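Heads up: the structure comes next, in structure tokens.
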Amino acid sequence: MPRTVTEAKAIQDELRALLDLTGPGPRSPARIAGVDVAYDRDRLAAAVTVLDGTTLEIVEEVAVAGRVTFDYVPGLLAFREVPALLDALGRLSAAPDLVVCDGYGLAHPRRFGLACHLGVLTGLPAIGVGKTAFVGTYPEPAPERGSWTDLTLDGDVVGRVLRTRDGVKPVFVSTGHRVDLDTACHNVLNLTPRYRLPETTRAADRLSRRALTENCRTDLVGSAPHKMG
DNA sequence: GCGACAG
DNA sequence: ATCTTGTCGC
């Protein structure tokens with residue numbers, strides 16, 4: 001792990017060479033993993049929820065507890081979340097066919113956001129779905145679900161601003177590893193039959209928060225025995 | 001130099 | 001990320 005911002009940026013530049021931007025990636029993944037991390041001071045809980053790609057039902061969950069080892073710095077989010085996420089992903093009974101991250105992939109100052117970082121380190125197809133703008137410029141997409149516009153940065157199309165629900169604020173989709181933009185957006189729309197955010201993201205968010213609170217209440221009877229490090 | 005800035 | 005009540009709408 002890097003100890004300074006300069007070191008972290010250098011690592012991103014090195015790992016970027018290992019990126020596989022060759023598509024298309026899974027169009028009908030059987031197992032789709034959602035990942036997220038919740039925090040409380042210096043404590044954290046990383047969660048991975050695997051959904052059936054067809055029914056969107058949760059088929060596996062893993063949560064691990066840990067400590068913050070890297071402060072949040074815009075552009076270096078991966079160094080804060082990747083260690084715990086790798087731990088959690090490694091405890092799955094079987095590898096997922098696609099990983100949906102909370103945040104960005106190629107749409108990043110150095111073209112190496114969380115989705116790229118996690119993808120390269122696991123070798124798994126990965127995409128990023130952000131809730132708010134981070135980098136790039138874009139026209140507002142039409143109000144209907146499915147409409148989208150290019151997210152441009154320094155003259156490059158680095159992602160898409162995708163409307164997942166009619167009349168609702170769009171999400172920011174970008175490529176992570178081994179998946180192209182069309183396939184990434186196709187999957188995001190399949191994962192949003194009812195809400196703005198992918199079911200994977202919603203499930204992982206709930207699990208990470210649940211794990212965070214349960215982990216500090218092990219003294220209480222009846223606390224569900226989750227898989228925690 | 002100043003402001004913005006995924007989660 | 002997290003701090004936080006009510007409120008408008010389907």
Side-chain angles (χ1 to χ4, degrees), chain A residues 1-2 5 8-9 11-12 15-16 33-49 63-86 88-89 99-121 126-138 143-145 151-154 158-162 164-177 181 184 188 192-198 200-213 215-216:
Chain A
M1 278 289 283
V5 166
K9 290 181 177 178
I11 290 176
Q12 293 183 321
L15 294 179
R16 193 178 53 222
V35 297
D36 194 22
V37 182
Y39 303 87
D40 176 40
R41 304 286 182 168
D42 65 328
R43 291 189 313 118
L44 65 77
V48 178
T49 59
V64 299
R67 295 277 174 184
V68 169
T69 60
F70 202 93
D71 288 327
Y72 172 70
V73 177
L76 301 180
L77 173 66
F79 295 98
R80 184 174 170 78
E81 313 208 321
V82 160
L85 289 178
L86 285 178
L89 283 167
V99 178
V100 179
C101 304
D102 248 46
Y104 288 67
L106 261 193
H108 176 278
R110 286 172 297 288
R111 308 295 195 278
F112 201 74
L114 174 62
C116 298
H117 205 130
L118 201 54
V120 165
L121 264 41
I127 65 174
V129 179
K131 298 181 284 292
T132 61
F134 177 36
V135 292
T137 57
Y138 59 92
E144 299 76 33
R145 162 180 158 88
L151 177 60
T152 305
L153 177 62
D154 302 324
V158 295
R160 276 181 197 171
V161 182
L162 177 67
T164 54
R165 302 301 305 164
D166 287 357
V168 172
K169 196 206 309 186
V171 296
F172 300 77
V173 181
S174 57
T175 276
H177 186 59
L181 256 185
V188 170
T192 51
R194 176 149 188 203
Y195 299 99
R196 176 172 85 114
L197 299 179
T200 38
T201 300
R202 291 165 44 77
D205 180 77
R206 289 193 299 262
L207 177 58
S208 66
R209 297 196 193 205
R210 194 187 317 151
L212 190 64
T213 58
N215 182 54
C216 73

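Convention: sequence-line order gives letters A, B, ...; per-chain numbering from 1. Since we're looking at a predicted model, the values are computed, not measured.
Within the nucleic acid shown, A:Leu114 comes within 4.0 Å of at least one base atom, counting heavy atoms only. Note on A:Asp36: only backbone sugar-phosphate atoms sit closer than 4.0 angstrom, heavy atoms only; bases stay farther off. No contact: A:Ala107 has no heavy atom under 4.0 Å from any strand. Residue-level contact check: A:Tyr104 touches the bases, meaning some heavy atom is under 4.0 Å from a base atom.
The side-chain heavy atoms of A:Val35 and A:Cys101, taken from C-beta on, include a pair separated by under 4.5 Å. No side-chain heavy atom of A:Thr152 sits under 4.5 Å from any side-chain heavy atom of A:Tyr138. The shortest side-chain heavy-atom distance between A:Leu121 and A:His177 does not fall under the 4.5 Å cut-off.
A heavy-atom distance below 4.0 Å to DNA chain B is reached by these residues of residues 71-78 of chain A, ordered by number: A:Tyr72, A:Pro74, A:Gly75, A:Leu76, A:Leu77.
Judged purely by atom type and a 3.5 angstrom limit, A:Arg43 uses its side chain to pair as donor or acceptor with the backbone of A:Leu212. A distance-only check finds no donor-acceptor pair linking the side chain of A:Thr200 to the backbone of A:Gly34 [under 3.5 Å].
The pair A:Lys131-A:Asp102 counts as a salt bridge, with a side-chain nitrogen and a carboxylate oxygen less than 4.0 angstrom apart.
Partners of A:Arg16 by side chain to side chain donor-acceptor pair (under 3.5 Å), not counting sequence neighbours, listed by chain and number: A:Asp13. Taking the side chain to side chain donor-acceptor pair (under 3.5 Å) definition, one finds that A:Arg206 meets it with nothing, sequence neighbours left out. For A:His108, the side-chain contact (heavy atoms from CB on, under 4.5 Å) partners two or more places apart in sequence, or in a different chain, are A:Gln12, A:Arg110, A:Phe134. Under the salt bridge (charged side-chain N to carboxylate O under 4.0 Å, His left out) criterion, A:Arg67 pairs with A:Asp42, sequence neighbours left out. Under the salt bridge (charged side-chain N to carboxylate O under 4.0 Å, His left out) criterion, A:Asp71 pairs with no residue at all, not counting sequence neighbours.
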Could you walk me through whether A:Asp36 and A:Thr201 satisfy the side chain to side chain contact (heavy atoms under 4.5 Å, CB included) test, starting with their C-alpha distance in whole Å, then the side-chain angles of each, then the deciding distance to 0.1 Å, before giving a yes or no? CA-CA 7 Å; A:Asp36 194 22; A:Thr201 300; 5.9 Å; no

Given side chain to side chain contact (heavy atoms under 4.5 Å, CB included), test A:Leu89 with A:Leu118 step by step and report yes or no. CA-CA 10 Å; A:Leu89 283 167; A:Leu118 201 54; 4.1 Å; yes

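With values rounded to the nearest 0.5 angstrom, A:Leu181 atom CG is found 9.0 Å from A:Leu151 atom CG.
Within the structure, the salt bridge (charged side-chain N to carboxylate O under 4.0 Å, His left out) test picks out no pair touching residues 164-177 of chain A (sequence neighbours left out). Within the structure, salt bridge (charged side-chain N to carboxylate O under 4.0 Å, His left out) pairs that include any residue of residues 77-86 of chain A do not occur (at least two apart or interchain).
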Name the pairs: protein N/O against N/O of nucleotides 7-10 of chain C, kept only if under 3.5 Å.
none

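Protein chain A contacts DNA chain B from B:dC5 to B:dG7, reading 5' to 3' and using non-hydrogen atoms of the protein with a distance under 4.0 Å.
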Only Watson-Crick and G-U wobble pairs with both distances less than 3.5 Å should count. Give DNA chain B in dot-bracket notation, marking inter-strand partners with |. .......

Watson-Crick or G-U pairs under 3.5 Å in DNA chain C, rendered as dot-bracket with [ ] for crossing pairs and | for another strand: ..........

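Atoms CZ (A:Arg43) and P (C:dT2) sit 11 Å apart, rounded to a whole Å.
Listed pair A:Arg209 / C:dT2 meets the phosphate criterion, a side-chain N or O lying under 4.0 Å from OP1 or OP2.
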